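Below: the structure, in structure tokens.
These figures come from a predicted structure and were not determined experimentally. Letters A, B, ... are given to chains in the order of the sequence lines, protein chains preceding strands, and every chain is numbered from 1. When reading the values below, keep in mind they use all heavy atoms of this one structure, side chains included, and skip hydrogens, waters and symmetry mates.
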Amino acid sequence: MKVGVVTFPGSLDDVDARRAVTVAGGEPVPLWHGDHDLRGVDAVVLPGGFSYGDYLRCGAISRFSPVMTEVVAAAGTGLPVLGICNGFQILCESHLLPGALIRNDHQKFVCRDQRLRIENNRTAWTSAYDADAEVTVVLKNGEGSYVADEDTLDRLEGEGRVVARYLDVNPNGSLRDIAGITNERGNVVGLMPHPEHAVEDLTGPGTDGLGFFTSVLRSLVG
Amino acid sequence: MTDTAQPTQSHLDTVDVATSNPDREQPWADLGLKSDEYAEIREILGRRPTSSELAMYSVMWSEHCSYKSSKVHLRQFGEKMTDEMRAHLMVGIGENAGVVDIGDGYAVTFKVESHNHPSYVEPYQGAATGVGGIVRDILAMGARPVAVMDPLRFGPLDAPDTHRVLPGIVAGVGGYGNCLGLPNIGGEAVFDPTYAGNPLVNALCVGVMRHEQLHLAKASGAGNQVILYGARTGGDGIGGVSVLASETFDETGPAKRPSVQVGDPFMEKLLIECTLEIFAEDLVVGIQDLGGAGLSCATSELASAGDGGMHVWLDRVPLRDSSLAPEEILMSESQERMMAVVEPANVERFLAICEKWDVDATVVGEVNDSGRLTIEWHGQTVVDVPPRSVAHDGPTYQRPFARPDEQDTLQADVAETLDRPKTGDELKATLLQLVGSPNLCDKSWITDQYDRYVQGNTVLAQPEDSGMVRVDESSNLGVAVSTDCNGRFARLDPYTGAQLALAESFRNVATTGARPLAVSDCLNFGSPEDPAVMWQFAEAARGLADGCQALGIPVTGGNVSLYNQTGETAILPTPVVAVLGVIDDVTRRTPAGFVAPGQQIYLLGATREELSGSEWAHVVHGHLGGLPPRVDLAAEKALGDILVNASRDGLIDAAHDVSDGGLAQALVEACLLGARKQGIGARVWLPDDLEPFVALFSESAGRAIVAVPRSEEVRFTDMCTARGFAHARIGVTDGEGDDAVLDVQDQFSVTLGELRATWSATLPAAFA
């Protein structure tokens, strides 16, 4: 199973995302932002980082990268797409997901081990988790506060599209403690925390993040 | 604005003008040159310098670039080097950073550098560009930067100015490093009144390369092209040179830019990836980053280290501000720029890689065999100098130094006679007071603003004894780095203080299981024109050089920062020492926190009654006097061997250095960090032959606590006995979570919950 990982100028966690795919048993394929080609991959990860230095607005420039034309089109036909942190911001800017990510309410960058509840285990990226599984993964962001209007939030909740919610501490002021959401179809997921940093005991707070990557490999087989 | 605007040529101070108008008054004093230095420049050139030449000499002969006050003392780092110390050294002092061989074909380069003064003026940008500068130094050696650390010093936590500078400095370190994707794996945050008007921002970077990727800063091979790439050159960081520009031009020039540089980490990230791709295709002969002194430094150092000369077309330099004069372009410290020397056949490919990464690249010069550095501006020669005279043969001072008389008074005023706690309740109150004090409290308010996970190779990070990163995923080869310095000890005795900093850093690396291999230092002191400060510097340098010889690890590079003082008050002498170690298998690393209940706690090393300069004397009595703890480098080496071997053989599950705050603080931290920060309790008994207070709070060097699984106890104690190293079983780990206790038999008991609340409340409360 080939999982493409896009590198934009300023992507930082692309190497980590590729490693996570490998650890999960898949084949990572590097994709370049300037290419009009997904190279036949079965799923795509938009990794974390500061693409284009977060200038103008996080994700606002990357959204116009040539590769995003292909990603948006493929997502429309059901290709699994996971946006992590900056990738989530790019998905929102691309209107593949509703809402936006704004500056943390405490105005500081925060890096911590974060507990989450997986609230929807029916998406392409969460099916390996038990319902309401509680997991610990890395969270690190400066602009990770999820916001949307009340109607949108109600709709997301009503349709079960909140994928993950913060437990114990809301680290950035996200409305309704939302850490991640999905589209109607469940193939596109945006997540502010970083599961790719929790795939090895040696270098992360455990291996709870691995499930996102094994989920997509399983959904591709299934 | 356009790039083609030309200044009024008739005002240009060319070599011809300098020759035909030899007596023009020049503002050498405003540029920081002494009259004899100016005379020497005239002597070298056989005429007065042009204003561009004067700009180059003034900045390259500054204390910051030339080390003119310190280099007579720094020489001993080379002179005292033994064959043992050279064994792993691939590149020593003098290049952008030292390089050591860590085996398996890998080399590591690391260096710590200061950015103190800019960070006082403009905390965010000063700190940010401090990170940016050291990262480019590492990159210029051919290495991929893999981690950063930042030793910081501030005034008192409750001082108003600390609240101005600290949040900005922390945000700047994080803002830049996070955006580059470099994990921040450690550092220090220390508070002392002497840093109130002069915070210290030191930045360290570690880089990894294959042996064959090593690159050096030299321009060799006539006909090779000199390429400037990265950000455009602007008017930032020009500082004092504006007196030249305003002298040269009659018309009102552009508004003066702030003399602190402004960083663009996104550009630096592109520069890193672009440069690594260029290295991978082996396209450069020599490379240099542009930092302090900008193009003046890069062109003169490359030419000086090469085998010939260099010609530069200065008007080809891409500018952000077309009104800049040549002197300003030469002096600009605009960030995120590099200069490479490239064979003509490789230029096209070099430029193509830059274009892929949207990085501007321009051929601005050519290597020749003239033996001169010549720079022209729109067809006229404005610089014609022997490059070595600018870059390497600057002035050297034998500054007078003398041990001040008041040192005796200071050393006579010992802390051992101060009132000390006696009862169990008093000891517990003292413990809590220290645990929550600014220097010993939890620093996660700071370190949580740094990304410690990016790149996915961070094995250990703050608050562990040293930061550790994996270098090779298949073999699990890794490196560990620690930075340390207790400035109070250095104030009491700079020679011993520097050795204590070295010993602590060495120990912190060994504690995590890595074998110490090399040293980098950042020597922060007051004014070298004060003989007492110069004495501190000379003593610290001598202590460090002797200490490195005793431990058998070389100083590979570093940085000197002088004039750190507010008015007449110098900072505590602060020789920050970074030690780098190698570990064959990072899965064998030893964490600081206890991992499970039921393990034996051993104290390694001897405890003496050493309280002068201690955290207890500082916090409880506001006292600084006496002599620092004794240093025994042979014992440090023996302890290091025990810790590294015990880690390799799986004899210990946790180990923590005993230093600031003594055994008490070490136990508290091992408990609180235990079992993934959920807490592991400990029941401890103190030796009969020591007063409980001394056992808990003395800061004797050469000590560590370790947790030994019962199954390994005999093997472990046999190893210590065989080596004749002092070891005593002082307790057992017991209980988990916040309800577990740290119990000191017959004295007091305190829950981890209370300890954690006290430990972690201080910084958030101060910056709420």
Side-chain angles (χ1 to χ4, degrees), chain A residues 7-20 22-23 32-35 47-56 58 61-62 85-86 104 106-114 136-143 169 171 193-206 209, chain B residues 144 167 170-171 173-184 263-274 336 355-359 444-462 468-470 473 476 478 585-589 676-678 764 767-768:
Chain A
T7 298
F8 299 91
S11 290
L12 304 179
D13 302 303
D14 45 347
V15 177
D16 310 66
R18 296 203 296 265
R19 182 189 294 115
T22 305
V23 172
W32 180 243
H33 77 110
D35 293 344
F50 290 74
S51 63
Y52 292 98
D54 275 357
Y55 295 146
L56 183 58
C58 302
I61 302 176
S62 299
C85 196
N86 189 224
N104 296 348
H106 48 76
Q107 306 296 315
K108 296 191 298 292
F109 186 94
V110 59
C111 174
R112 67 192 308 273
D113 300 345
Q114 177 72 45
T136 299
V137 298
V138 171
L139 174 121
K140 46 171 206 176
N141 63 65
E143 309 199 18
V169 172
H194 289 258
E196 81 281 17
H197 288 315
V199 299
E200 289 182 283
D201 262 323
L202 184 68
T203 55
Chain B
R144 173 176 279 283
V170 171
V173 168
Y176 205 98
N178 294 343
C179 192
L180 288 188
L182 293 178
N184 189 313
D264 176 355
F266 173 58
M267 175 55 79
E268 181 119 329
K269 171 67 177 170
L270 299 183
L271 204 54
I272 292 172
E273 298 303 331
C274 170
E336 295 93 23
E355 193 176 339
K356 172 188 166 188
W357 288 99
D358 288 328
V359 169
S444 38
W445 187 89
I446 292 173
T447 53
D448 280 358
Q449 296 185 51
Y450 308 147
D451 184 346
R452 60 185 173 275
Y453 286 111
V454 65
Q455 295 194 4
N457 287 315
T458 305
V459 177
L460 296 173
Q462 268 284 346
M468 185 182 288
V469 291
R470 178 173 58 185
E473 284 183 50
N476 282 325
D585 180 357
V586 290
T587 64
R588 284 282 182 203
R589 86 287 190 199
R676 290 189 184 268
K677 299 186 186 175
Q678 298 305 300
F767 296 104

Exercise. Hey, which of B/Glu273, B/Lys269, B/Gln455 has the most heavy atom pairs under 4.5 Å with chain A?
Worked result: B/Gln455
For this session: Name the orientation class of the two ring planes belonging to B/Trp357 and A/Trp32 (parallel below 30°, tilted from 30 to 60°, perpendicular beyond 60°).
Result: perpendicular
Exercise. Residues two or more places apart in sequence or in another chain: which of them pass side chain to side chain contact (heavy atoms under 4.5 Å, CB included) with B/Asn457?
Worked result: A/Arg19, B/Arg470, B/Glu473
Problem set entry | Straight-line distance of B/Thr587 OG1 to A/Asp201 CG, nearest 0.5 Å | 11.5 Å
For this session: Against chain A, label B/Arg676 side chain, backbone, both or neither, depending on which of its atoms sit under 4.5 Å from a heavy atom there.
Result: side chain
Seminar exercise, completed: Minimal heavy-atom distance between A/Tyr55 and B/Pro265, with the atoms involved, is OH-CD, 4.1 Å
Seminar exercise, completed: Most contact-rich option vs chain B, by heavy-atom pairs under 4.5 angstrom, among A/Val199, A/Val138, A/Val15, A/Val110, is A/Val138
Exercise. Roughly how far apart are A/Leu202 CG and B/Thr458 OG1, rounded to 0.5 Å?
Worked result: 10.0 Å
Exercise. Taking all non-hydrogen atoms of both residues, which atom of B/Cys179 and which atom of A/Gly53 are closest, and how far apart?
Worked result: SG-CA, 4.4 Å
Exercise. Where on B/Lys356 is there a heavy atom nearer than 4.5 Å to chain A: the side chain, the backbone, both, or neither?
Worked result: both
Problem set entry | A/Asp16 side chain to B/Gly456 backbone, donor-acceptor under 3.5 Å | yes
For this session: Counting only heavy atoms closer than 4.5 Å, note whether B/Leu180 contacts chain A via side chain, backbone, both or neither.
Result: backbone
Exercise. Taking it one step at a time, do A/Asp113 and B/Tyr453 satisfy side chain to side chain contact (heavy atoms under 4.5 Å, CB included)?
Worked result: CA-CA 10 Å; A/Asp113 300 345; B/Tyr453 286 111; 2.5 Å; yes
Exercise. Does any heavy atom of chain B fall under 4.5 Å from the side chain of A/Glu200, the backbone, both, or neither of them?
Worked result: side chain
For this session: Nearest 0.5 Å please: distance from the CG atom of A/Asp54 over to the CG atom of B/Asn178.
Result: 11.0 Å
Problem set entry | Which atom of A/Lys140 lies closest to which atom of B/Asp451, heavy atoms considered | NZ-OD2, 2.6 Å
Seminar exercise, completed: Applying a strict 4.5 Å limit to non-hydrogen atoms, the region of B/Val469 in contact with chain A is neither
